[in-house]
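Quick note: residue numbers are just sequence positions, from 1.
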Amino acid sequence: MQTGNLLLLLVVMIAGAYYMGHRRSFALARPLGGIRHLHSLPFYYAMRTAIWCAIPALVVLGAWLIFDDTLIRVTVMDSLPADSQPVDASSANLLLNQIGNVASGAIAASEVSPAVAAAAEKLNSLRSLNRMALAVVVIVVAMLGAAWGWLKISPQMRARQQVEKVLQTLFMLSATIAILTTVGILMSVMFESVRFFGKVPATDFLFGLQWSPQTALRADQVASEGAFGAIPLFMGTLLISAIALLVAVPVGLMSAIYLAEYAPPKVRSFAKPALEVLAGVPTVVYGFFAALTVAPVIRQLGESIGLDVASESALAAGLVMGVMIIPFVSSLADDVITAVPQALRDASLGLGATRSETIKKVIFPAALPGIMGGILLAASRAIGETMIVVMAAGLAANLTVNPLEAVTTVTVQIVTLLTGDQEFDSAKTLAAFALGLMLFITTLLLNVVALHIVKKYREQYD
């Protein structure tokens, strides 16, 4: 049985266990005079039975799926004759790939040695046996767990406390997984960044003014060591992000204020979904729009007034990126402004303030924490954007603040450095991890600033 079908069957069994537990709780309550004589509500007895059905079976399923493929591969390799055994790890991987291709039918058995063909046949038989055994074991464990949970139901059982304890443990495990994932990402990036800084001084990376990571193949070639000054990348990222925010923040805030405070219900019901459609447009479409429409228009306008505008410019990428992140600012700001208590509006208007004064002096300060959260989310989105920059701003690492020139960003260079067959012990490839670490630190600082602003104004308006 396929894993997906087994999961569907397990869901059906969990639902059946819930139903059985629910009915048994009512059956036990009936002779006592009703469910008020039970320690917990029937829902908790049913949930406890479903949990006993689900958790042991899912644990067995997860552990089995983690180890089964490794055990099957080891068994297949051990079944090979002594003269066909691989001599090292690389040859073992190649042989396993060949056996897997024969087993899947990608390679005909007649085209390989008899030992490999026999190993492929054994691999298929072991996989079939493994799927059958997995299904049987998981189903049996689920049935035993459901039966145990069903039999243990009694009027005096503290089912609610047990269910809540299990749910609390699951919530804690989920939070732990999220934290450990973040720590794992950070540690992996930091480990590779340390290797990079062992090859390139941190001062050259952080304060260097030239970015040319292309290392030569021979020592006598020009710029054989490369140049890893990241200042041009930081400046390009800040320039494009600043242009995007200059577009998105005013337009998003003003549209949010109009939709929340001035727009009639019919206009709001149409305008708000239409505005949020922008968030669902793929970034590559924005990139095409920037490269084929916005960039030529900017170049023609610049040439008409005597300015030298590059075919790929930071202004084109920033403008289109600003349009892309308008929904992030507008939607969040609209929700936050709408959530401001009506009592604040009524009090301000009752004291004689106009509608605009109420928005400026009362509503906007009260909604500022949420508005800042939306702005910083938009800033993070702009800093991490890649496709629009590649198609509209180019790949040139120019140290400039002129928005009419071509620039590049940190994320674009990360993609460029990791594209193609690369050696992960060269400074060129390791530079991508150092750039990723800088992005991580930048995002962390933005979150710290956002939390500070939220805390400051939330205390004032709680």
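Side-chain atoms of Thr237 come within 3.5 Å of backbone N or O of Val410 as a donor-acceptor pair. Between the Arg355 side chain and the Glu261 main chain, a donor and an acceptor come within less than 3.5 Å of each other. Between the side chain of Ser241 and the backbone N or O of Leu238 there is no donor-acceptor pair closer than 3.5 Å. At distances below 3.5 Å, at least one donor-acceptor pair connects side-chain atoms of Ser193 with backbone N or O atoms of Phe433. Using modelled atom types, no side-chain atom of Ser330 and backbone atom of Ile326 make a donor-acceptor pair closer than 3.5 Å. Within the 3.5 Å criterion, the main-chain N or O of Gly252 finds a donor-acceptor partner in the side chain of Ser255. Checking side-chain atoms of Arg345 against main-chain N and O of Val340 turns up a donor-acceptor pair under 3.5 Å.
Side-chain contact between Leu439 and Leu435: absent, with no pair of heavy atoms (C-beta onward) separated by less than 4.5 Å. Counting heavy atoms from C-beta on, the side chains of Val60 and Val137 come closer than 4.5 Å. Residues Leu245 and Ile325 form a side-chain contact, since some pair of their non-hydrogen atoms from C-beta on lies under 4.5 Å apart. Side-chain contact between Thr283 and Glu385 is present, with at least one heavy-atom pair separated by less than 4.5 Å. Leu186 has its side chain within reach of Leu437: a pair of non-hydrogen atoms, C-beta onward, lies under 4.5 Å apart. Gln161 has its side chain within reach of His39: a pair of non-hydrogen atoms, C-beta onward, lies under 4.5 Å apart. Met13 is not listed as a side-chain neighbour of Val138, based on a closest heavy-atom distance of 4.5 Å or more. Contact annotation: the side chain of Leu7 never approaches that of Val11 to less than 4.5 Å [non-hydrogen atoms, C-beta and beyond].
Using bins of under 30°, 30° to 60° and over 60° for the plane-to-plane angle, the ring pair Tyr18/His22 lands in the parallel bin.
Residue-environment remark: CH2 (Trp52) stays at or below the threshold of 12 foreign heavy atoms within 6.0 Å. Atom CZ of Phe234 has more than 12 neighbouring heavy atoms from other residues, nucleotides or ligands inside a 6.0 Å radius. No more than 12 heavy atoms of other residues, nucleotides or ligands sit less than 6.0 Å from atom CE of Met387. Heavy-atom contacts from other residues, nucleotides or ligands closer than 6.0 Å to CE of Met143 number 12 or fewer. A 6.0 Å sphere centred on CD of Gln342 holds more than 12 heavy atoms belonging to other residues, nucleotides or ligands. For Tyr262, the OH atom is densely surrounded, since the number of other residues' heavy atoms within 6.0 Å is greater than 12.
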Apply side-chain contact (heavy atoms from CB on, under 4.5 Å) to residues Phe228 and Asp204 and explain how you reach the verdict. CA-CA 7 Å; Phe228 295 93; Asp204 294 348; over 6 Å; no
Determine, step by step, whether Ile371 and Phe364 satisfy the side-chain contact (heavy atoms from CB on, under 4.5 Å) criterion, reporting the C-alpha distance in whole Å, the side-chain angles of both residues, the deciding distance to 0.1 Å, and the verdict. CA-CA 9 Å; Ile371 292 173; Phe364 191 82; 3.6 Å; yes
Given Ile363 and Ile257, is the side-chain contact (heavy atoms from CB on, under 4.5 Å) satisfied, shown in steps? CA-CA 10 Å; Ile363 297 176; Ile257 292 172; over 6 Å; no
Show the numbers, then the answer: is there a side-chain contact (heavy atoms from CB on, under 4.5 Å) between Ile383 and Thr443? CA-CA 9 Å; Ile383 291 173; Thr443 306; 5.7 Å; no
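Minimum interatomic distance between Leu239 and Asn402 (heavy atoms only, all atoms of both residues): CD2-O, 4.0 Å. Nearest heavy-atom pair across Pro403 and Ser313 is O-CB, 3.6 Å. The two residues Trp211 and Gly229 make their nearest non-hydrogen contact at CB-O, 3.4 Å. In terms of heavy-atom proximity, Gly21 sits nearest to Trp150 at N-CD1, 4.2 Å. Closest of all the heavy-atom pairs between Val189 and Gly436 is CG1-C, 4.1 Å. The shortest non-hydrogen separation linking Ala432 to Leu417 is N-CD1, 3.6 Å.
In this structure, CE on Met157 lies 5.5 Å from CD on Gln162, to the nearest 0.5 angstrom. Between the CG atom in Leu9 and the CD1 atom in Ile139 there is a gap of 4.5 Å [rounded to 0.5 Å]. Between the CE atom in Met187 and the CG atom in Leu180 there is a gap of 12.0 Å [rounded to 0.5 Å].
Contact check on Arg195 versus Glu192 returns a salt bridge, with a Lys/Arg side-chain nitrogen under 4.0 Å from an Asp/Glu carboxylate oxygen.
With Ser331 as reference, Asp335 is the one residue of Asp334, Val329, Asp335 to meet the side chain to side chain contact (heavy atoms under 4.5 Å, CB included) rule.
No side-chain N or O of Arg48 forms a donor-acceptor pair with one of Tyr44 less than 3.5 Å apart.
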